[in-house]
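These figures come from a predicted structure and were not determined experimentally.
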Amino acid sequence: MIKKILFPCALIMLLGMLSCSPQSPKLQEKVYTQQVANGVNLDFNPKVDILFVFDDSGSMESHQVRLSKNVEVITNSISKNRVLDYHIGVISTTQGQYDYRANTNWGGRLVNSPGYPKYVERSTPDGIRLLRQYIQVGTIGSSTEKMFEPATDALGKLATTYNFGFLREDAYLVIIFMTDSDDQSVSPSGGAYTGQEFFNFTTKLKKGDKKKIIPYGIVIPSNVNPGGGCARDSGAPIRLEDYINLLSGYVYDLCDPNFNSNLDFLGKDIVNRVSKVMQLTRRPIPSTIKVRYGANEVPNDIDKGWSFDPEKNTIVFGDLLMDSLSGTSDKLDISYDALPE
């Protein structure tokens, strides 16, 4: 069952992760058997690559403007989390190039301006302004909206060429679709590109680990009767909903007027899925678990520190801990003695 959350612009909470603090160090994982018998030491520095897929057809201008104007609303909500190492990029739903297009925002190419990066990361100067500009992909794109095709190219053949550096093998992948139409892509094998086929493609990118993929749809849901000047362009988003359902994602109503009431949800969901849970590689002896942030030991406290979930074999970080982390290059370090295998 798709979990439906009303309100489109909650998606921009993601952009609140922007700041000018130094870029986080890379995730590392080592087993130090030469120091402590069965000892395990992990550096926790989660990575997430966020791909916005924006409809650039003629009916989307007001939605793009609304999203762009509210970037700062989200910044204050998410920027407190300092452990996320993120990339944020934007592509459009135009798959074929049009003669009247004066830019390269088509076919899965990341939107960018000459002289500026193709995606935003923590160290990007003036990242909010840049993303505000990238979000407004324009409305002269194709009226045949395609989400799966350009996303496949963006994360596939262009990942090592035009979009080089955006997609990282060890990062979570967040895909956010914003459209008033269903996907109209053609499958690589011909025919309609189904949600199942796109699921197969994206999970293969993460070596079968579907928990590493988090999709969101900002659409006019199939169970909503469109009205009030917000009509569907070409049918209910069945393909998109099928894909999002396969990955336990969320669907938002593109035209919901309750802007502020849902601002926090999407950003918090990303934080919860990506940076609040650490999957342990081995079963620990719970009493030996130690968590440090830089030189400071973090308490075993469900809100102010961390807790251990034996059922899922994960360390869960508390909300107050996430709120208190400073904007330094320090990382969360988890160590414990492992049970014999």
Worked verdict on Asp55 versus Asp180 for side-chain contact (heavy atoms from CB on, under 4.5 Å): CA-CA 8 Å; Asp55 187 338; Asp180 60 0; 3.2 Å; yes

Between Ile334 and Met278, does the side-chain contact (heavy atoms from CB on, under 4.5 Å) criterion hold? Intermediate values first, please. CA-CA 9 Å; Ile334 300 96; Met278 174 65 170; 4.3 Å; yes

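We find that Asp209 and Lys212 are not joined by a salt bridge, their nearest charged nitrogen and carboxylate oxygen being 4.0 Å or further apart. Between Asp85 and Arg168, at least one side-chain nitrogen of the basic residue sits less than 4.0 Å from a carboxylate oxygen of the acidic one, meeting the salt-bridge criterion.
Listed by first then second residue, pairs satisfying salt bridge (charged side-chain N to carboxylate O under 4.0 Å, His left out) with a partner in residues 199-208 read Glu169-Lys207, not counting sequence neighbours.
Within 6.0 Å of CD1 on Ile238 lie more than 12 heavy atoms contributed by other residues, nucleotides or ligands.
Between Phe52 and Phe54, the ring-plane angle classifies as parallel under the 30° and 60° cut-offs. Between Phe198 and Tyr193, the ring-plane angle classifies as perpendicular under the 30° and 60° cut-offs. Ring geometry for His87 versus Phe166: interplanar angle of 30 to 60°, hence tilted.
Within the 4.5 Å cutoff, side-chain heavy atoms of Tyr162 are placed close to those of Asn112. Side-chain contact between Ile175 and Leu155 is present, with heavy atoms from C-beta onward closer than 4.5 Å. Ile213 places none of its side-chain heavy atoms less than 4.5 Å from the side chain of Tyr172. Counting heavy atoms from C-beta on, the side chains of Gln196 and Leu246 come closer than 4.5 Å. Side-chain contact check for Phe308 versus Pro286: some heavy-atom pair is nearer than 4.5 Å. At a threshold of 4.5 Å between non-hydrogen side-chain atoms, the residues Ser185 and Gln95 do not count as touching.
Closest heavy-atom contact between Glu241 and Ser222: OE1-OG, 2.7 Å.
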